[in-house]
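The chains referred to below are lettered A, B, ... by the order of the sequence lines, with proteins before strands, and numbering in each begins at 1.
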Amino acid sequence: MVGGLSTRLLNICIASVCKTQQLQRAEVLLIDAIRLGVLPNVVTYNTLLDAYCRFVSMDAALAVIHRMREAGISPDVITYNSLVACSTRKRSLSVTLDLFDEMLNLSIHPDRWSYNTLMHCFFRLGKPDEAYKVFQNLVLSELTPGQDTFNILINGLCKNGFVIHGLVLFRNLQRHGVVPDLVTYNLLIDGLCKAGRWKAAKAMLMELLETDENPNAITYTTVVKCCFKVRKYEQGLEIFLRMANQGHTFDGFGYCTAVGGLIKIGKIEEANQWMDRMVKNGIGLDLVSFNTLLNLRCREGRLDAANTVVKELEKCGLEGDAYTHTIIIDGLCRAGDIEGAYRHLDKMKVLGLGSNLAALNCMIDRLFKAGHMGEAMRLFDSMETKDDFTYSSVVHNLCKAGRFHSASKILLSCLRSGTKILRSAQKAVLSGLKESGYRRDAKKLQSKIYMARVLARY
DNA sequence: GTAGGGTTAG
């Protein structure tokens with residue numbers, strides 16, 4: 001009895017230490033406990049394993065399984081659920097599937113969580129059809145889908161561009177008496193916003209306010225992010241203040257959202273104050289916060305300080321991602337160091353991050369702005385994949401340089417392929433052609449734009 | 001002991 005209680009205590013301690021990412025402390029705790037005769041159980045190892053999955057690596061997590069077996073404890077369904085989630089976060093789909101098979105081979109029965117996790121995995125990998133198959137399997141098994149399952153479905157649909165399907169599912173569930181929870185509302189508000197359906201998002205927020213659920217910090221952060229997206233910066237920041245007044249505390253997400261918005265409108269000093277507040281409140285910096293800080297330093301023009309941020313990030317055992325490198329390239333270009341930006345692009349290639357579309361888009365735009373049109377077009381032609389950012393930027397910049405016919409040609413190819421391009425870029429081409437005396441060409445282009453818009457509705 | 005919100009380029 002006493003032993004059992006001690007193990008439970010040990011597990012609670014380990015869980016709380018793991019939460020703060022202090023894995024070494026967790027290990028010391030475990031060694032001390034064993035020395036005192038308190039034996040770890042499957043929960044202890046699962047907690048450790050999950051932390052290694054989240055904060056270190058898959059290999060480190062697999063090493064815990066090994067230790068578990070040595071201690072005579074068999075992994076259970078929770079162990080595998082953690083591993084499956086981990087391999088998906090790392091985007092190793094084949095590992096995920098192997099793990100699922102391994103679990104079945106070991107006669108460990110998957111639970112609802114396992115199916116939820118696997119479904120979530122497929123959605124994250126951009127495979128909604130596969131995710132749906134998992135859902136069908138879950139329904140056909142002896143298990144019942146829960147609110148959590150539906151939330152993962154709705155989220156997956158939203159994130160894969162099927163926000164309307166998500167909304168329809170939501171309404172159907174409501175009709176069948178499933179009461180949506182706060183998570184459901186938060187997911188849909190975010191999904192609708194990201195799809196540009198502001199009115200529907202606002203209606204969803206109103207609907208949430210009429211339920212018994214109270215909006216939480218996540219709801220607020222989501223709504224603020226929506227405001228920023230439609231450039232209502234002041235309104236967004238006001239909502240943040242209201243959130244604080246209602247007793248919600250900020251976490252890393254809230255702070256980074258606020259700082260990101262402030263940087264966009266050039267309120268660098270205020271952004272610095274929010275960043276300081278974040279650190280003072282003991283929020284540990286993760287990769288996203290480091291990226292936000294890095295962006296802040298670049299916008300201040302303090303490239304030396306930016307360099308220090310990168311070093312600090314690496315010191316924490318983190319690795320820069322696509323955002324980090326794009327911010328660096330943007331920072332170098334803004335400071336007028338085009339050569340340095342090129343060197344950094346090469347460095348990215350060496351690191352295997354050569355296909356960073358955002359960084360290339362950024363580079364093209366900055367090359368145009370620095371007057372290197374030839375270089376910019378060469379880079380544009382050499383790119384294997386391009387998106388709406390690439391085209392909008394090139395069309396805009398060609399117009400600025402008075403090359404309206406070249407811009408028109410690119411715009412037409414976008415209309416044909418269905419690539420969405422900024423309205424302002426389209427307008428620039430039309431008015432450019434008109435003003436430089438090519439009224440007939442402008443008229444022709446105008447009708448093609450109109451036709452493309454009509455066709456896009458079907 | 002899952003799932004939801006945050007950082008880049010026009």
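The aromatic rings of A/Trp274 and A/Phe250 stand perpendicular to each other, their planes meeting at an angle above 60°, with 30° marking the opposite boundary. Using a 30° and 60° split on the angle between ring planes, A/His248 and A/Tyr220 fall in the tilted class, from 30° to 60°. Using cut-offs of 30° and 60° for the angle between ring planes, the A/Phe380 and A/Tyr391 rings count as perpendicular.
You'll find a donor-acceptor pair under 3.5 Å spanning the side chain of A/Asp251 and the base of B/dG5, going by distance alone. At a cut-off of 3.5 angstrom, the base of B/dG6 holds at least one donor-acceptor pair with the side chain of A/Ser289. The base of B/dG10 sits within donor-acceptor range of the side chain of A/Ser392, with an N or O pair under 3.5 Å. Residue-to-nucleotide contacts include no donor-acceptor pair under 3.5 Å from the side chain of A/Thr292 to the base of B/dT7.
Between A/His120 and B/dG4 there is a side-chain polar atom (N or O) within less than 4.0 angstrom of OP1 or OP2. When the side-chain nitrogen and oxygen atoms of A/Lys369 are compared with OP1 and OP2 of B/dA9, none of them lie within a distance under 4.0 Å. Residue A/Asn155 places none of its side-chain N or O atoms closer than 4.0 Å to OP1 or OP2 of B/dA3. The shortest distance between the side-chain N/O atoms of A/Lys427 and the OP1/OP2 oxygens of B/dG10 is not below 4.0 Å. Residue A/Asn291 places none of its side-chain N or O atoms closer than 4.0 Å to OP1 or OP2 of B/dT8. When the side-chain nitrogen and oxygen atoms of A/Lys159 are compared with OP1 and OP2 of B/dG4, none of them lie within a distance under 4.0 Å.
The side chain of A/Ile78 approaches B/dG1 more closely than any other nucleotide in the set B/dG1, B/dT7, B/dG5. Of all nucleotides listed (B/dT7, B/dG10, B/dG5), B/dT7 comes nearest to the side chain of A/Asn295. Nearest nucleotide to the A/Leu182 side chain, out of B/dG4, B/dG6, B/dG5: B/dG4. Closest to the side chain of A/Asn151, out of B/dA3, B/dT7, B/dA9, is B/dA3.
A distance cut-off of 5.5 Å between ring centres, combined with a plane angle under 30°, leaves A/Trp113 outside any stacking arrangement with the base of B/dG1.
For the 3.5 Å distance criterion, the side chains of A/Arg423 and A/Gln426 fail to qualify, holding no donor opposite an acceptor.
Here A/Ala15 lies in heavy-atom contact (under 4.0 Å) with sugar-phosphate atoms only. Heavy atoms of A/Cys256 sit under 4.0 angstrom from at least one base atom. Using a 4.0 Å heavy-atom distance criterion, A/Asn46 is classed as making no nucleic acid contact. As judged by a 4.0 angstrom heavy-atom cut-off over every strand, A/Lys420 is placed among residues making no nucleic acid contact. Using a 4.0 Å heavy-atom distance criterion, A/Asn397 is classed as making no nucleic acid contact. Within the 4.0 angstrom heavy-atom criterion, no nucleotide atom of any strand lies near A/Arg124. Base contact: A/Ala358 has a heavy atom under 4.0 Å from a base atom. Within the 4.0 angstrom heavy-atom criterion, base atoms lie near A/Asp286. Nucleic acid contact for A/Asn186: base, since at least one base atom lies under 4.0 Å from a heavy atom of the residue. Using a 4.0 Å heavy-atom distance criterion, A/Asp190 is classed as a sugar-phosphate-only contact. Nucleic acid contact class of A/Leu187 (heavy atoms, under 4.0 Å, all strands): sugar-phosphate only. Looking at heavy-atom distances under 4.0 Å, A/Leu422 makes contact with a base. Nucleic acid contact for A/Arg299: sugar-phosphate only, since backbone atoms but no base atoms lie under 4.0 Å from a heavy atom of the residue.
Rounded to an integer number of Å, the gap from CD1 of A/Ile152 to C1' of B/dA3 is 4 Å. For A/Asp181 and B/dA3, the CG to C1' distance is 10 Å, given to the nearest whole Å. Rounded to whole angstrom, the span from the CG atom of A/Leu83 across to the C1' atom of B/dG1 amounts to 14 Å. A straight line from CZ of A/Phe253 to P of B/dG4 spans 9 Å, rounded to a whole angstrom. Whole-Å rounding puts the A/Ile239 CD1 to B/dG6 P distance at 15 Å. In this structure, A/Phe240 atom CZ and B/dG6 atom C1' are separated by 8 Å, rounded to whole Å. As a whole-Å value, the separation of A/Glu312 CD from B/dT7 P is 21 Å. A/Ile263 has its CD1 atom 9 Å from the C1' atom of B/dT7, to the nearest Å.
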Would you sort out whether A/Phe135 and A/Phe122 count as a ring-ring contact (aromatic ring centres under 6.0 Å, His included), showing the intermediate values?
CA-CA 11 Å; A/Phe135 177 66; A/Phe122 280 121; over 10 Å; no
Evaluate salt bridge (charged side-chain N to carboxylate O under 4.0 Å, His left out) for A/Lys280 paired with A/Asp276, printing each intermediate quantity in order.
CA-CA 6 Å; A/Lys280 255 185 217 143; A/Asp276 288 345; 5.7 Å; no
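Counting heavy atoms from C-beta outward, A/Phe100 and A/Ser114 have side chains that approach closer than 4.5 Å. The shortest side-chain heavy-atom distance between A/Lys127 and A/Phe123 does not fall under the 4.5 Å cut-off.
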